[in-house]
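Keep in mind that the numbers below use all heavy atoms, side chains included, and drop hydrogens, waters and symmetry copies.
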Amino acid sequence: MANVIERSHPLRASLSAEMHVRRLPPFASPARLVQVVSLVDDDSAAQTARTVAALAAAAGLTLPDRAKYAVIPLQAAILVWERHTEFATFTVLRPGPFGAADPFDPAHFGEQAATILAQIPGQVIRATQIALLGRDAPAPATAELGAWFLPEATITCDVAGARARIYSDFRLHADGYGRLLVHDTGLEGDDAPQLVMRLQELGNYRNMALLGLPLAQATTAEVTRLEQRLAALTHSVSERVSQDDALLDELTFLSAELARLAATTRYRMSATRAYAQLSIERLRALNIAPVSGHQSLDDFTERRLMPAVRTCDSFSQRLDDLSQRAAWASELLRTRIDIALAKQNRDLLASMDRRTQLQLRLQQTVEGLSVVAISYYLVALLAYPIKAVRGIDHDLAIALMVPVVLLVMWLLARRMRRHLSE
């Protein structure tokens, strides 16, 4: 047994713990819950960890380092904290009956829970009050629903195989919270926690997915401007109306701008797709059945979520397409510049070859003149000893010596040139 523990992978314990997060403690109807979802960065994440650790210590609990999940008992409720990649959830649960006249009265949770929720670090992206009516409670009347929700926006449908019915308008109310009313009509065992968790995950992931829409909308104008500029530059490349180096400089700048936009938005757009997929999975897991005369949760979610997701996908595709088109235009322009440079190099080499031939002819001419000049001076030097010899015709001897000297000097110059060439 000890050998198994010693040979455990370093991540084995954390992977096992990961399988047990994203759950609520067991409870049954009736019950009241409130959940606050806050976005976390490095600073708020550290502050959140300190806050949760302090709450756990006050309750006599010790959390492990880098904990992602905690269940902390409070004076009148239970706090469930969970850390996700980009956000953290704080859920306060209070099982038991509550006042049916106002199921969304925050006083049901006690002052301690209210203080904790008011001091949650980070920016709140979603906050919801949830009332779970007992099985023996009567179905809410139309007047009651009108007092709790906006009548023209109320969503009503059966979930969990028609074992529960939910009511909500998915709007922010005066207290800053959304409202969700769940009527238990046949939930058993662990059905209530699972149902509430799936409903909350659906809403949380939906809101996180929608974070990409404002970014896509705000950046669309800049993408449109770059798209128009790219069209003009591509036309200039085809028409050759300006200098290639100036066109290449502008295309390089445009490609850099597109790369900046892609780097700025890619993570958010990818996260939108991932969160949207999780929302659709949670929606299917709810096993929704419509109620005649009312809009259902799946209709509400798909009509509002899917257009936003398609907008983000279209934005990402448009940005990728622009980057590819800019790369093609740049490559075409670089090819044309390379061809022009190759022609210039060819002409330069031809010019250098002509110059070399001219230099060679000039060199040969100079060598010939050098042979004549050297021969002239050599004949003049040899004339002195010839004139010192008696009994010969000095002028004839000098005249006969001239062609011999010229021939010898020519042969020496030719031999030297061949030696240098070798």
Given side-chain contact (heavy atoms from CB on, under 4.5 Å), test Phe109 with Arg32 step by step and report yes or no.
-> CA-CA 8 Å; Phe109 299 98; Arg32 285 276 281 114; 3.3 Å; yes
Arg171 and Thr154: CA distance, side-chain angles, deciding distance, side-chain hydrogen bond (donor to acceptor under 3.5 Å, both in side chains) verdict = CA-CA 9 Å; Arg171 292 179 179 271; Thr154 301; over 6 Å; no
After noting the C-alpha distance and the side-chain angles of Thr48 and Phe90, does the key distance pass the side-chain contact (heavy atoms from CB on, under 4.5 Å) rule?
-> CA-CA 10 Å; Thr48 299; Phe90 292 80; 3.6 Å; yes
Hey, mind stepping through Phe27 and Leu93 against side-chain contact (heavy atoms from CB on, under 4.5 Å) and telling me if it holds?
-> CA-CA 9 Å; Phe27 66 90; Leu93 164 65; 3.7 Å; yes
Thr356 and Asp353: CA distance, side-chain angles, deciding distance, side-chain hydrogen bond (donor to acceptor under 3.5 Å, both in side chains) verdict = CA-CA 5 Å; Thr356 302; Asp353 184 61; 5.5 Å; no
What do the steps show when you test Asp299 against Ser296 for side-chain hydrogen bond (donor to acceptor under 3.5 Å, both in side chains), and what is the final call?
-> CA-CA 5 Å; Asp299 290 337; Ser296 64; 3.2 Å; yes
Test Tyr205 against Gln200 for side-chain hydrogen bond (donor to acceptor under 3.5 Å, both in side chains), laying out the working first.
-> CA-CA 8 Å; Tyr205 293 142; Gln200 286 304 97; over 6 Å; no
Audit row: Glu201, Arg198, salt bridge (charged side-chain N to carboxylate O under 4.0 Å, His left out) steps and yes/no | CA-CA 5 Å; Glu201 287 182 340; Arg198 287 170 181 169; over 6 Å; no
Glu222/Arg260 under salt bridge (charged side-chain N to carboxylate O under 4.0 Å, His left out): CA gap, chis, key distance, verdict = CA-CA 12 Å; Glu222 189 172 1; Arg260 177 185 61 81; 2.5 Å; yes
Worked verdict on Leu79 versus Val71 for side-chain contact (heavy atoms from CB on, under 4.5 Å) = CA-CA 6 Å; Leu79 173 65; Val71 178; over 6 Å; no
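Once rounded to the nearest 0.5 Å, the distance linking CZ of Arg282 with CG of Leu202 reads 9.0 Å. If you take OG1 on Thr219 and CG on Leu215, they are separated by 4.0 Å, rounding to the nearest 0.5 Å. Taking CG of Asn207 as the start and CZ of Arg126 as the end, the distance is 6.0 Å to the nearest 0.5 Å. Here the CG atom belonging to Asp158 is positioned 9.0 Å from the CD1 atom belonging to Ile166, to the nearest 0.5 angstrom. Between the OG1 atom in Thr51 and the CD1 atom in Ile116 there is a gap of 10.0 Å [rounded to 0.5 Å]. To the nearest 0.5 Å, atom CG of residue Leu333 and atom OG1 of residue Thr252 are 8.5 Å apart.
Considering only heavy atoms from C-beta on, Leu195 comes within 4.5 Å of Leu187 through its side chain. Two residues are said to be in side-chain contact when any heavy atoms from C-beta on lie closer than 4.5 Å; Asn204 and Ile125 fail this criterion. Leu61 places none of its side-chain heavy atoms less than 4.5 Å from the side chain of Leu55. Side chains of His84 and Thr89 form a contact here, defined as non-hydrogen atoms less than 4.5 Å apart. Residues Arg303 and Pro307 have side chains not in contact (no heavy-atom distance under 4.5 Å, counting atoms from C-beta outward). The side-chain heavy atoms of Ser168 and Phe300, taken from C-beta on, include no pair separated by under 4.5 Å. The side-chain heavy atoms of Leu341 and Gln344, taken from C-beta on, include a pair separated by under 4.5 Å. Considering only heavy atoms from C-beta on, Leu230 comes within 4.5 Å of Leu251 through its side chain.
Between the side chains of Thr335 and Asp338, not a single donor N or O lies within less than 3.5 Å of an accepting N or O.
With Asp169 contributing its side chain and Leu150 its backbone, the two residues share a donor-acceptor pair below 3.5 Å. Remark: side-chain polar atoms of Asp321 are not paired, donor with acceptor, to backbone N or O of Gln317 under 3.5 angstrom. Under a 3.5 Å cut-off, the side chain of Thr128 and the backbone N or O of Gly178 do not form any donor-acceptor pair. Using modelled atom types, no side-chain atom of Ser29 and backbone atom of Asp184 make a donor-acceptor pair closer than 3.5 Å. Judged by distance alone, with hydrogens and angles left aside, the side-chain atoms of Ser279 form a donor-acceptor pair with the main-chain N or O of Arg206 at under 3.5 Å. Remark: the backbone N or O of His173 is not paired with any side-chain donor or acceptor of Arg179 at under 3.5 angstrom. Side-chain N or O atoms of Thr272 include one that pairs as donor or acceptor with a backbone N or O of Ala209 at under 3.5 Å. Here the side chain of Ser314 pairs no donor or acceptor atom with the backbone of Arg310 at under 3.5 angstrom. Looking at Thr301, its side chain never comes within 3.5 Å of a backbone N or O of Asp298 through a donor-acceptor pair. Between the side chain of Arg163 and the main chain of Ala160, a donor-acceptor pair closer than 3.5 Å is present.
Shown here for Ile72 and Ala56, the closest heavy-atom pair between the two residues is CD1-N, 3.8 Å. Nearest heavy atoms, Gly122 versus Ser38: C-CB, 4.2 Å. The heavy-atom pair separating Pro140 from Leu181 by the smallest distance is CG-CD2, 3.9 Å. Between Gly110 and Arg94, the shortest heavy-atom distance links the atoms N-NH1, 4.4 Å. Ala113 and Val92 make their closest contact through CB-CG1, 3.8 Å (heavy atoms, listed as atom of the first residue, atom of the second, distance). Closest of all the heavy-atom pairs between Leu213 and Cys312 is N-SG, 3.6 Å.
For the side-chain hydrogen bond (donor to acceptor under 3.5 Å, both in side chains) with Arg318, the lone residue among Thr224, Asp313, Thr220 that qualifies is Thr224.
Between Tyr167 and Phe149, a ring centre-to-centre spacing not shorter than 6.0 Å is recorded.
Dense packing is recorded around CG of Asp347, with more than 12 heavy atoms of other residues, nucleotides or ligands lying under 6.0 Å away. For CD of Gln123, the number of neighbouring non-hydrogen atoms (other residues, nucleotides, ligands) closer than 6.0 Å is 12 at most. The number of heavy-atom neighbours closer than 6.0 Å to CZ of Arg266, taken from other residues, nucleotides and ligands shown, is 12 or below.
Salt bridge status for Arg284 with Glu281: absent, with no side-chain N to carboxylate O gap under 4.0 Å.
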